[in-house]
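Letters A, B, ... mirror the listed sequences (proteins, then strands); counts begin at 1.
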Amino acid sequence: MVDMRLPLSFYQQDTLALSKQLLGTYLVHESPEGLTAGKVVETEAYLWGDPACHAYRRRTPRNAVMFGPAGHAYVYQIYGMHHCFNVVTAPENTGEAVLIRALEPSEGIDLMEKRRHTNEVKSLCSGPGKLVRAMGITRAMNGVSLTGGNLYFLPAPDASSEVVTTTRIGITQGADLPYRFYVRGNPFISRK
DNA sequence: GCTGGGATCGCCT
DNA sequence: GGCGATCCCAGCG
């Protein structure tokens, strides 16, 4: 059987380009509890020199993975209780990443409902903290490869849909930068 | 050592 | 729509 997962070269694209390229792809997690997958419908870019980026100041233990090679997972805890999942991009020693903000659930919806304690499919993955929970992604997966493990992306099967570009959510620094992207009209995004 | 704030969510009004 | 939960860690002293 052919391994369809997106290759390393996919993640070595320019970060803003990749933020848009990721829309329509499928994020898959083969966990011990079962397989879950969803279509990426909302992303945000965090760039080098961008004050909202965790790598803005310097390399620290928390953001170290962002400075590593592209195609790895950066998972961090936020507000003491939630986690966010990012795709590391850019060459080594350049801290850039794409935050995955929302998925349209496609596989393992029962398992997602169990993990999220809700049966409302529209809200299973409609936010960065929610999708991490629904997909069974944990802090222990910070730094894992997206090209050689059980967490990976599959190519977008359909023709690309219309992408809306807007400002990012929940930040104060760099709030005016147009680094948020989502699939127009998709009901599974975190907000308009 | 301390302390303030954060790429959020869900419940309450 | 507003706010409290909750904790790691960066930055400063």
> Check the distance between dG6(B)'s P and Asn63(A)'s CG and give it to me in whole angstrom.
17 Å
> For the side chain of Thr172(A), counting heavy atoms from C-beta on, which of dA10(C), dG6(B), dA7(B) is nearest?
dG6(B)
> Assign each of Met81(A) and Arg139(A) to its nearest nucleotide of DNA chain C by heavy atoms, then name whichever residue's nucleotide is nearer the 5' end.
Met81(A)
> Among the nucleotides dG6(B), dG11(C), dA10(C), which one has an atom lying closest to any side-chain atom of Tyr79(A)?
dG6(B)
> What nucleotide, of dA10(C), dT8(B), dA7(B), holds the atom closest to the side chain of Leu99(A)?
dA7(B)
> Taking the six-membered ring of Tyr179(A) as reference, does the NZ or CZ atom of Arg168(A) fall below 6.0 Å from its centre and within a 45° cone about the axis?
no
> Please report the distance, rounded to the nearest Å, between CG in Leu47(A) and P in dA7(B).
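Rounded to whole Å, this separation is 15 Å.
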> Measure across Leu27(A) and Phe85(A) and return the closest heavy-atom pair with its distance rounded to 0.1 Å.
CD2-CE2, 3.8 Å
> Over how many whole Å does the gap from Ile78(A) atom CD1 to dG6(B) atom C1' extend?
4 Å
> Using whole Å, what does the distance between atom P of nucleotide dA7(B) and atom CD1 of Ile137(A) come to?
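Taking atom P of dA7(B) as the reference, CD1 of Ile137(A) is at 19 Å.
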> Any side-chain N or O of Arg116(A) below 4.0 angstrom from OP1/OP2 of dC9(B)?
no
> Quickly, which of Gln77(A), His83(A), Arg115(A) forms a side-chain contact (heavy atoms from CB on, under 4.5 Å) with Val132(A)? Name it, please.
His83(A)
> Of all the nucleotides listed (dG6(B), dA10(C), dC9(B)), which has the minimum atom distance to the side chain of Arg62(A)?
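For Arg62(A), the side-chain atoms sit closest to dA10(C).
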> Mind calculating the distance between OH (Tyr56(A)) and C1' (dG5(B)) to the nearest angstrom?
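Taking atom C1' of dG5(B) as the reference, OH of Tyr56(A) is at 17 Å.
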> Starting from C1' on dT8(B), measure out to CZ on Phe85(A) and report it in whole angstrom.
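Roughly 17 Å, once rounded to whole Å.
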> Where each residue is assigned the nucleotide of DNA chain C containing its nearest heavy atom, which of Gly80(A) and Arg57(A) is assigned the position nearer the 5′ end?
Gly80(A)
> Can you tell which of dC9(B), dA7(B), dA10(C) lies closest to the side chain of His54(A)?
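In terms of side-chain proximity for His54(A), the closest of dC9(B), dA7(B), dA10(C) is dA7(B).
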> Touch check for Gln77(A), heavy atoms < 4.0 angstrom, all strands: base, sugar-phosphate only, or nothing?
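Touches sugar-phosphate only.
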> Return the pairing partner of dC12(B) with a 3.5 Å limit on both distances, Watson-Crick or G-U wobble; otherwise return none.
dG1(C)
> With the side chain counted from C-beta on, respond yes when Phe181(A) and Val164(A) share a heavy-atom pair under 4.5 Å apart, and no when they do not.
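When only atoms from C-beta onward are counted, Val164(A) and Phe181(A) do not touch, as no gap falls below 4.5 Å.
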> Contact class for Arg191(A) vs. all strands (heavy atom < 4.0 Å): base, sugar-phosphate, or nothing?
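Arg191(A): no heavy atom of the nucleic acid under 4.0 Å.
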> Angle class for the Tyr76(A)/His54(A) ring planes (parallel below 30°, perpendicular above 60°, tilted otherwise)?
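Rings of Tyr76(A) and His54(A): perpendicular, over 60°.
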> Could you tell me the separation between the CZ atom of Phe181(A) and the C1' atom of dA7(B), rounded to a whole number of Å?
15 Å
> Strictly by Watson-Crick or wobble contacts shorter than 3.5 Å, is anything paired with dA7(B), and which nucleotide is it?
none
> In this structure, how many angstroms lie between the P atom of dA7(B) and the CZ atom of Arg180(A), rounded?
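Distance check: Arg180(A) CZ to dA7(B) P gives 15 Å.
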> At what distance, to the nearest 0.5 angstrom, does OG1 of Thr147(A) lie from NE2 of His72(A)?
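Here the rounded value is 6.0 Å.
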> How far does the C1' atom of dG5(B) sit from the matching atom of dC3(C), given to the nearest Å?
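After rounding to an integer number of Å, I get 16 Å for this pair.
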